[in-house]
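These values consider heavy atoms only, across backbone and side chains, with no hydrogens, waters or symmetry-generated copies.
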Amino acid sequence: MISLLDADSSLNDPRPLSTVIDGYNRMNYTDFFLMGFFSHNVASSFIFIIIFIIFFIALMANGAMIFLINTDIHLHTPMYFLLSHLSFIDIIYITTIVPKMLVDYFSDEGTISFMACTAQYFLYQTFVGAEFFLLGLMAYDRYVAICYPLQYPILMSRQICIIILVSSWFGGSLDSFLLTPITMSLPFCASHEINHFFCEAPTMLRLACGDKTIYEMVMYVCCVMMLLIPFSVVITSYTKILITVHYMNSSEGRKKALTTCSSHIMVVTLFYGAALYTYMLPQSYHTPVKDKIFSAFYTILTPMINPLIYSLRNKDVTGAMKRALGKCKRKPRVTGSEF
């Protein structure tokens, strides 16, 4: 409820009373206001449609990958085991961000409670952190498969795959458990308006006041662990892969490997590059528009591209899809006379 002093001052405010009350509610210490990705014009309506289509494709493509990998025995290999979990991570972390953004566009609300913002921050950090590690370890899988094919069954046994998966989730969870309490315990006295489409770490930090030394130190360590080390593993692995491919005798095999590696490198560079800009570039280089665009690359666009690049272009996956469709066509129809 607005106090008498606030009500008295609002009488002298040239803005409409509804705007004053709305502004007061936005500054409630328990709530934040997400300014979002859209500005409610013709261009924003087009962007909304594009993001909705991307979200839908990401859910369908990743869901199809999980279904095919788990139901088709031909895809029960270490590479596809890791890819199925990559698809699972993509589904849950894009779902953490995009539905709220799309609903806010229609409702014109944008309000998010402190607890909801904390939950979104925690879940997002966990999922995206797990993907940072998983992509790096998947590059190691490709390195072993191409450079040491005879030792692949030993170096990528089921136990090793489980260790890779557990390590990825542990790394993402550790990052989230470290950063979330530090970030959300800071006093947000500057403003409660988040000029972003979700509760992302650097944007939240700009709203906070007080001593941020501990946060900056932890963030630096986490960025080195989550971004620089996995990205270095990816670059090293694919460099060695390209060197090995260069000396291949089969021109067809060399061409196939180069095509696969180039598409993988493109996606990984997009994902890690956007994250490196967001988390490691000094704040003086940041603007709200750039932050939204770069965040959209690795939170919205990448979950759609991953299954298309890593899996659905693969002959094994297309073969599994044809077999699944063939089973559906051969499935006998149940008629009323059979009951």
Output for pair (Thr236 OG1, Tyr140 OH), nearest 0.5 Å, gives 13.5 Å

Shortest non-hydrogen pair, Ala275 vs Leu227, comes out as CB-CD2, 3.7 Å

Minimum heavy-atom separation for Gly63 and Ile91, please, with both atom names.
N-CD1, 3.7 Å

Please check this pair: side chain of Asn70 against backbone of Ile66, looking for a donor-acceptor N/O pair closer than 3.5 Å.
yes

If you count the non-hydrogen atoms of other residues, nucleotides and ligands that lie under 6.0 Å from CG in Leu228, is the total more than 12?
yes

Hey, is the main chain of Val234 close enough, under 3.5 Å, to the side chain of Ser237 for a donor-acceptor pair?
no

Rounding to 0.5 Å, atoms CD1 (Ile94) and CZ (Phe55) come to a distance of 6.0 Å

Steps toward side chain to side chain contact (heavy atoms under 4.5 Å, CB included) verdict (Tyr93, Glu131)
CA-CA 10 Å; Tyr93 99 69; Glu131 182 150 336; 3.3 Å; yes

Can you hop from Met280 to Leu205 via hydrophobic side chains spaced under 4.5 Å?
yes

What closest approach, in Å, do Phe197 and Lys292 show between heavy atoms, and which atom pair accounts for it?
CE2-O, 3.5 Å

Would you find a donor on one side and an acceptor on the other, under 3.5 Å apart, between the side chain of Gln120 and the backbone of Thr96?
yes

After noting the C-alpha distance and the side-chain angles of Leu137 and Val233, does the key distance pass the side chain to side chain contact (heavy atoms under 4.5 Å, CB included) rule?
CA-CA 8 Å; Leu137 293 169; Val233 171; 5.9 Å; no

Between Tyr124 and Tyr298, how do the two ring planes meet: parallel, tilted or perpendicular, split at 30° and 60°?
tilted

Taking the side chain as every heavy atom from C-beta outward, state whether Asp291 and Thr278 have any atom pair closer than 4.5 Å.
no

Taking the inter-plane angle between the rings of Phe297 and Phe294 on a 0 to 90° scale, is it parallel (under 30°), tilted (30 to 60°) or perpendicular (over 60°)?
perpendicular

Check for me, please, whether Leu83 and Met266 land in the same ILVMFWY cluster - side-chain distances under 4.5 Å, paths through other members count.
yes

Min side-chain heavy-atom separation Met65-Val317 under 4.5 Å:
yes

From Ile49 CD1 over to Ile54 CD1, what is the distance, rounded to the nearest 0.5 angstrom?
12.0 Å

Taking the inter-plane angle between the rings of His196 and Phe198 on a 0 to 90° scale, is it parallel (under 30°), tilted (30 to 60°) or perpendicular (over 60°)?
perpendicular

Hey, mind stepping through Asp31 and Ile112 against side chain to side chain contact (heavy atoms under 4.5 Å, CB included) and telling me if it holds?
CA-CA 6 Å; Asp31 292 339; Ile112 183 169; over 6 Å; no

Hey, mind stepping through His192 and Leu207 against side chain to side chain contact (heavy atoms under 4.5 Å, CB included) and telling me if it holds?
CA-CA 7 Å; His192 278 222; Leu207 303 183; 5.9 Å; no

Checking the side chain of Thr183 only, and the main-chain atoms of Leu179 only, is there a donor and an acceptor separated by less than 3.5 Å?
yes

Mind checking the CD1-CD1 spacing from Ile146 to Ile243? Nearest 0.5 Å is all I need.
12.5 Å

Indicate the atoms forming the closest heavy-atom contact of Trp169 with Ala130, along with that distance.
CE3-CB, 4.1 Å

Within this structure, what is the NZ-OG distance for the pair Lys290 and Ser295, rounded to the nearest 0.5 Å?
13.5 Å

Test of understanding: with side chain to side chain contact (heavy atoms under 4.5 Å, CB included), list the residues that count as partners of Leu75, not counting sequence neighbours.
Leu68, Ile69, Asp72, Tyr80, Asp316, Ala320

Within one Ile-Leu-Val-Met-Phe-Trp-Tyr cluster: Ile293 and Leu276, side-chain cutoff 4.5 Å:
yes

Is the shortest heavy-atom distance from the side chain of Leu123 to the side chain of Ser176 under 4.5 Å?
no

Heavy-atom side-chain proximity of Leu270 to Ile305 below 4.5 angstrom:
yes

Test item: His76 and Ile73 side chains (from C-beta on) under 4.5 Å apart, heavy atoms:
yes

Is there a donor-acceptor contact under 3.5 Å from the side chain of Lys240 to the main chain of Ile235?
no

I want to check something: taking the side chain as every heavy atom from C-beta on, are Phe271 and Val128 in contact at a cut-off of under 4.5 Å?
yes

When hydrophobic residues are tied together by side-chain contacts of less than 4.5 Å, even through go-betweens, does Phe52 share a cluster with Met60?
yes

side-chain contact (heavy atoms from CB on, under 4.5 Å) partner of Gln125, the single match among Tyr121, Phe127, Phe122:
Tyr121

Can you see which heavy atom on His85 is nearest to which on Leu134, and at what distance?
C-CD2, 4.2 Å

Locate the shortest heavy-atom distance separating Ala61 from Pro307; write the atom from each residue and the value.
CB-CG, 3.6 Å

For Leu281, is there any backbone N or O sitting under 3.5 Å from a side-chain donor or acceptor partner on His286?
yes

Can you measure from CD1 (Ile214) to OG (Ser185) and round to the nearest 0.5 angstrom?
8.5 Å

List the atom pairs, donor and acceptor, that lie under 3.5 Å between side-chain atoms in residues 148-158 and the rest of the protein, sequence neighbours left out.
unit_1, atom_1, unit_2, atom_2, d
Tyr152, OH, Asp141, OD1, 2.6
Ser157, OG, Gln159, OE1, 3.4
Ser157, OG, Ile160, N, 3.4

Side chain proximity check, Met204 to Phe188, heavy atoms < 4.5 angstrom:
yes

Keeping the roles fixed (side chain from Thr203, backbone from Cys199), state whether a donor-acceptor pair exists under 3.5 Å.
no

Could you tell me whether the side chain of Thr95 reaches within less than 4.5 Å of the side chain of Pro99, counting heavy atoms only?
yes

Is there a ring pair (Phe, Tyr, Trp, His ring centres under 6.0 Å) between Phe170 and Phe133 once you walk through the steps?
CA-CA 9 Å; Phe170 176 78; Phe133 287 111; 9.0 Å; no

Ile50-Ile47 co-clustered via ILVMFWY side chain contacts under 4.5 Å
yes

